[in-house]
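Structure, as structure tokens:
Numbers restart at 1 for each chain; the letters A, B, ... are given by sequence-line order, proteins then strands.
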There are 2 protein chains.
Amino acid sequence: MDADTPAPRRRARRRPAGPDRVSARDVARHAGVSIATVSRVLNDSGPVADRVRRLVAQAIDELGYTPNAAARALVRSRSETIGAVVPTLENATFAIAVEALQSRLRQAGYTLLLASSGYDRSNESTQVRALLARGVEGVMVVGGAHDPEIEQLCAARGVPLVQTWTLRPDVACVGFDNRAVGRQLADYLLDLGHRQIGVVAGVTRGNDRAAERVAGITEALAARGLDLPREQLIERPYRIAEGQIGLRALLASEPRPTAVICGNDLLAFGAMLEARKRGIRVPDELSIAGIDDLEFAADLDPPLTTIRVPAEEIGRRSAEYLIDRLDGQTVATVTEVATSLIVRGSTGPAPQRGDRE
Amino acid sequence: MDADTPAPRRRARRRPAGPDRVSARDVARHAGVSIATVSRVLNDSGPVADRVRRLVAQAIDELGYTPNAAARALVRSRSETIGAVVPTLENATFAIAVEALQSRLRQAGYTLLLASSGYDRSNESTQVRALLARGVEGVMVVGGAHDPEIEQLCAARGVPLVQTWTLRPDVACVGFDNRAVGRQLADYLLDLGHRQIGVVAGVTRGNDRAAERVAGITEALAARGLDLPREQLIERPYRIAEGQIGLRALLASEPRPTAVICGNDLLAFGAMLEARKRGIRVPDELSIAGIDDLEFAADLDPPLTTIRVPAEEIGRRSAEYLIDRLDGQTVATVTEVATSLIVRGSTGPAPQRGDRE
DNA sequence: GGCAGCTCGGTAAACGCTTACATAGCCGGG
DNA sequence: CCCGGCTATGTAAGCGTTTACCGAGCTGCC
């Protein structure tokens with residue numbers, strides 16, 4: 001049946017498996033209309049009589065037709081995909097942001113292409129390039145310092161790029177001032193009377209957020225005539241175990257710090273573990289603070305003083321920025337999200353001189 | 001310059017912004033060869049003289065040419081993308097798996113399209129459909145119980161589907177036996193002499209892993225003539241705070257359990273917090289166990305007894321399965337990953353009757 | 001009753017690539 | 001010297017859509 005043409009021997013090569021996909025042509029034939037009409041029904045572009053519309057709709061689901069995204073992308077020069085490159089998903093804060101990003105993008109009909117850089121600048125660049133080659137219409141990256149190629153490539157293609165977890169006046173970004181956060185934490189501890197402040201920072205190489213946080217701390221100290229000696233600044237990867245190592249190193253230095261600022265909550269958690277292990281009372285003998293306010297921070301013992309960073313909001317707003325931009329709207333390029341100091345039990349007044357000795 | 005043709009009034013519509021993209025045609029013209037040759041150089045298909053090859057390569061980077069992925073996908077019927085749908089990235093275990101999945105896929109030249117379902121079956125189905133519509137060549141999902149549509153859709157398109165965190169003999173999967181895990185934990189506690197075992201499970205509706213874990217516990221109890229009464233089984237979402245709520249509910253029941261198995265480490269963490277808050281000594285008065293062995297599990301106080309689940313391996317192996325399948329190889333469809341009971345300080349022998357009363 | 005102005009639907013030209021096929025040199029053996 | 005059989009290149013036919021453009025019917029108004 002349906003032997004209209006001599007059946008020009010269907011090609012059987014490209015997709016090794018799988019029955020030949022059903023195309024708009026098949027739908028058209030099945031519904032007895034032209035392929036243009038099928039397209040009109042699908043996209044609701046142009047007028048179509050109700051009767052025909054129903055016919056086509058029926059053919060579509062009788063055949064189980066799904067439009068070919070590649071073909072559509074090709075002809076419309078729009079992939080409806082967005083790319084994101086984060087340092088790692090193992091850091092919950094990024095995982096949360098990606099989750100929010102994706103869900104907001106999905107709402108707007110975009111699909112998320114995800115890659116991670118492992119905190120490596122050149123790898124980040126590679127990933128962005130790969131995403132761009134896939135035709136993403138927008139790109140989200142973490143941080144404000146990258147291989148300059150990234151901005152160039154995006155600009156050359158007219159692909160909006162949003163940088164997150166950072167604030168830069170000259171580019172589109174959704175984030176906060178990491179330096180201010182560092183400063184705020186340091187000021188808070190200074191106000192509590194601490195004068196010996198140690199830092200267990202993240203690895204600053206290739207991580208401008210970590211570097212800025214340290215810079216902020218240094219600034220705050222300098223403003224009170226203090227400095228941050230080399231041995232009071234430890235850099236460790238963002239992991240709990242590294243926080244322990246970090247605190248251990250700090251405790252070996254002289255004079256021993258009365259307060260420690262950690263680059264994020266994982267490091268802070270580690271530091272608290274180490275303190276406990278050594279019988280150092282927190283916060284009586286040692287104050288410890290983190291950044292991120294991860295889910296567990298409030299539940300540590302003592303609860304962790306930290307800076308709340310709205311990761312979900314960063315992800316969501318990045319999505320919204322890109323969506324609006326691609327929609328042709330002109331939107332604010334710089335979006336600052338609110339962070340706030342959450343004072344909990346892990347920090348307290350500096351021990352009086354001689355409190356323990 | 002270069003006014004060879006009357007310049008047929010370049011269209012200026014589709015991509016509102018952005019200079020007209022440079023295409024293979026431009027490269028060909030620039031290098032003075034045919035477009036076919038450009039393609040041959042690009043894909044290293046067919047012979048090309050070295051001189052010409054260099055010419056083309058030069059043209060390519062002088063023009064900053066990037067092949068259009070949609071066009072390529074269209075003609076080759078291959079998108080070189082893989083889709084994954086996880087319940088949520090907020091659960092670190094999935095974040096880790098996705099990270100590994102992506103990085104392995106990338107190595108093989110695939111790009112990851114990511115979506116999350118929020119533990120909702122119908123949403124999961126929607127996401128898979130969206131991914132399929134984007135032309136993904138393979139799909140990864142979490143769990144073994146889904147809207148049947150998912151398997152149908154993938155099968156109909158010949159798209160390999162890998163189900164993770166589960167073991168099913170009839171489909172491709174990378175995971176482990178959740179029931180066995182539940183059983184193992186229960187047996188371990190039973191062997192310690194516990195007879196009143198409570199459970200703070202994840203929400204089992206739409207989550208076959210959670211349900212299986214409970215089933216395993218029930219089985220182990222039944223094997224010793226015990227049962228799991230309704231009020232000893234609490235279901236809560238996977239969050240720390242929910243673990244607290246869960247334990248609270250359990251403590252209200254009679255007889256009070258001497259051991260609690262939690263659906264995952266987050267719930268276990270919460271349970272431990274609640275126990276501490278109430279002055280219940282762990283493990284002397286109450287044993288608590290979790291599942292996942294998240295990073296912090298070893299660092300809780302006391303350290304958490306749990307089942308180690310190799311999330312990274314699950315992600316990586318899922319990637320490998322899909323890669324091999326798409327490469328035309330026939331590979332083992334069922335991949336079991338090893339879990340293991342990690343006994344730490346949060347569990348111990350059942351308190352002697354009257355130990356406390 | 002003619003025709004302006006609808007509404008509806010078809011035709012065909014892209015979109016940017018890959019690739020089967022044709023073609024054009026060129027080499028060397030008979 | 002001719003020609004088979006290379007190798008290197010070009011030509012052109014799609015891949016499955018969208019959409020500009022055209023034409024065919026219909027309505028209803030003068």
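Atom CZ in A/Arg25 sits roughly 12 Å away from atom P in C/dT11 (whole-Å rounding). Following rounding to the nearest Å, B/Leu74 (CG) and D/dA13 (P) show an atom-to-atom distance of 17 Å. Per the geometry, CZ belonging to B/Arg40 stands 15 Å off P belonging to C/dC17, to the nearest Å. Here C/dC15 presents its C1' atom at 13 Å from CZ of B/Arg21, a figure rounded to the nearest Å. Rounding to whole angstrom units, CD1 of residue B/Ile35 and P of C/dT18 are separated by 8 Å. A straight line from CZ of A/Arg29 to P of D/dG16 spans 12 Å, rounded to a whole angstrom. The separation between B/Arg78 atom CZ and C/dT19 atom C1' is 16 Å, rounded to whole Å.
Using a 4.0 Å heavy-atom distance criterion, A/Ser39 is classed as a base contact. Note on B/Ala36: a base of the nucleic acid sits closer than 4.0 angstrom, heavy atoms only. No engagement by A/Leu42 is indicated, since no non-hydrogen atom pair under 4.0 Å with the nucleic acid exists.
Residues from residues 45-70 of chain A with heavy atoms under 4.0 angstrom of DNA chain C, sorted by number: A/Pro47, A/Val48, A/Ala49, A/Val52.
Defining each end axis of the helix from C/dG1-D/dC30 to C/dG30-D/dC1 as the rotation carrying four pairs' C1' atoms onto the next four, with five pairs an end, the two axes are found to diverge by 60° to 10 degrees.
Not a single side-chain hydrogen bond (donor to acceptor under 3.5 Å, both in side chains) links A/Thr126 to another residue, sequence neighbours left out. With sequence neighbours left out, the side-chain hydrogen bond (donor to acceptor under 3.5 Å, both in side chains) criterion links A/Thr66 to B/Arg157. Annotation: side-chain hydrogen bond (donor to acceptor under 3.5 Å, both in side chains) contacts of B/Asp208 (sequence neighbours excluded): none. For B/Arg106, the salt bridge (charged side-chain N to carboxylate O under 4.0 Å, His left out) test picks out no residue, with sequence neighbours left out.
A/Ser117 and A/Gln127 share no donor-acceptor pair across their side chains, judged by distance under 3.5 Å alone.
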